[in-house]
Amino acid sequence: QVQVRESGGGLVQAGGSLRLSCTTEGRTVSSYARGWFRQAPGKEGEFVAATTWSGSITSYRDSVNGRFTISRDNANNTVYLQMNSLKPEDTAVYYCAVARYSGSIYFKSTYDYWGLGTQVTVSS
């Protein structure tokens, strides 16, 4: 079994920053990509950012581009999401996902393993 664990969520004022971390535990699996998705109350889940493990592809949704940065620590099998200039509309549960095989990094169906999520709340 593979467990995906997110950490780093919390409550922050608008304009503040948080850094989310995503690690995997259990059976070692190769991964094609790691992605971050989020879901706000009453809304559909949405793609936030993703990177291939090689670093050849990195992408962000438009609303976070320039404010969020996804990065990898291959040695420690960890992916980070640095979130700066946070806005109240960034409030959501953030999920990390691991894709074992190539596919569109924008689609949830590409990802095989998911974490339980970490809450990010941005107050105005």
Side-chain angles (χ1 to χ4, degrees):
Q1 279 286 12
V2 176
Q3 291 82 44
V4 180
R5 298 191 188 280
E6 306 96 339
S7 62
L11 172 64
V12 65
Q13 288 188 330
S17 299
L18 286 172
R19 189 177 79 158
L20 306 184
S21 300
C22 171
T23 61
T24 60
E25 300 174 7
R27 184 169 59 93
T28 300
V29 295
S30 60
S31 61
Y32 166 70
R34 299 274 184 99
W36 289 96
F37 291 76
R38 68 187 182 186
Q39 186 165 17
K43 295 187 177 181
E44 294 286 327
E46 61 186 17
F47 168 82
V48 176
T51 182
T52 54
W53 207 235
S54 67
S56 60
I57 301 173
T58 299
S59 188
Y60 302 89
R61 71 178 297 105
D62 287 346
S63 62
V64 308
N65 199 19
R67 299 188 296 123
F68 291 11
T69 303
I70 189 169
S71 60
R72 308 169 337 273
D73 179 348
N74 293 35
N76 291 306
N77 200 28
T78 301
V79 169
Y80 302 98
L81 185 68
Q82 178 66 43
M83 306 186 295
N84 298 328
S85 301
L86 282 161
K87 303 176 181 180
E89 51 264 44
D90 295 318
T91 295
V93 178
Y94 284 69
Y95 298 90
C96 179
V98 176
R100 295 187 63 187
Y101 307 109
S102 63
S104 172
I105 60 174
Y106 303 99
F107 297 148
K108 296 176 187 177
S109 58
T110 296
Y111 297 86
D112 303 285
Y113 305 107
W114 291 79
L116 297 179
T118 185
Q119 176 71 47
V120 171
T121 303
V122 185
S123 63
S124 57

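Small disclaimer: the values here were computed from a predicted structure and weren't measured.
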Among residues two or more places apart or on two chains, list those pairs meeting ring pair (Phe, Tyr, Trp, His ring centres under 6.0 Å) that have a residue in residues 43-70.
-> Phe37-Phe47, Phe47-Tyr106

Sorted by first residue and then second, give each ring pair (Phe, Tyr, Trp, His ring centres under 6.0 Å) pair with at least one member in residues 75-102; sequence neighbours left out.
-> none

For Asn84 and Ser17, which heavy atoms make the closest approach, and how far apart are they?
-> OD1-OG, 2.9 Å

d(Leu81 CG, Thr118 OG1) to nearest 0.5 Å is 11.0 Å

Quick one: are Ile70 and Val79 in side-chain contact, heavy atoms under 4.5 Å?
-> yes

Hey, what do you get for NZ (Lys87) to OG (Ser63), rounding to the nearest 0.5 Å?
-> 7.5 Å

Applying disulfide bond (SG atoms under 2.5 Å apart), which residue pairs with at least one partner in residues 22-124 are found, sequence neighbours left out?
-> Cys22-Cys96

Is there side-chain contact between Val2 and Asp112, with heavy atoms separated by less than 4.5 Å?
-> no

Donor-acceptor pair, side chain of Thr110 and main chain of Ile105, under 3.5 angstrom | no

With sequence neighbours excluded, give me every salt bridge (charged side-chain N to carboxylate O under 4.0 Å, His left out) pair touching residues 42-52.
-> Arg38-Glu46, Glu46-Arg61

Dump the intermediate steps for side-chain contact (heavy atoms from CB on, under 4.5 Å) on Arg34 and Asn77, then the final yes or no.
-> CA-CA 10 Å; Arg34 299 274 184 99; Asn77 200 28; 2.7 Å; yes

Could you note down all residue pairs passing side-chain hydrogen bond (donor to acceptor under 3.5 Å, both in side chains) where residues 3-15 supplies at least one of them, sequence neighbours left out?
-> Arg5-Glu25

For Arg67, what residues pass the salt bridge (Lys or Arg N to Asp or Glu O under 4.0 Å) criterion, not counting sequence neighbours?
-> Asp90

Would Val122 and Leu11 show up in the same hydrophobic cluster when neighbours are defined by side-chain heavy atoms closer than 4.5 Å?
-> no

How far apart are the closest heavy atoms of Ser21 and Thr78, and which atoms are they?
-> CB-CG2, 4.4 Å

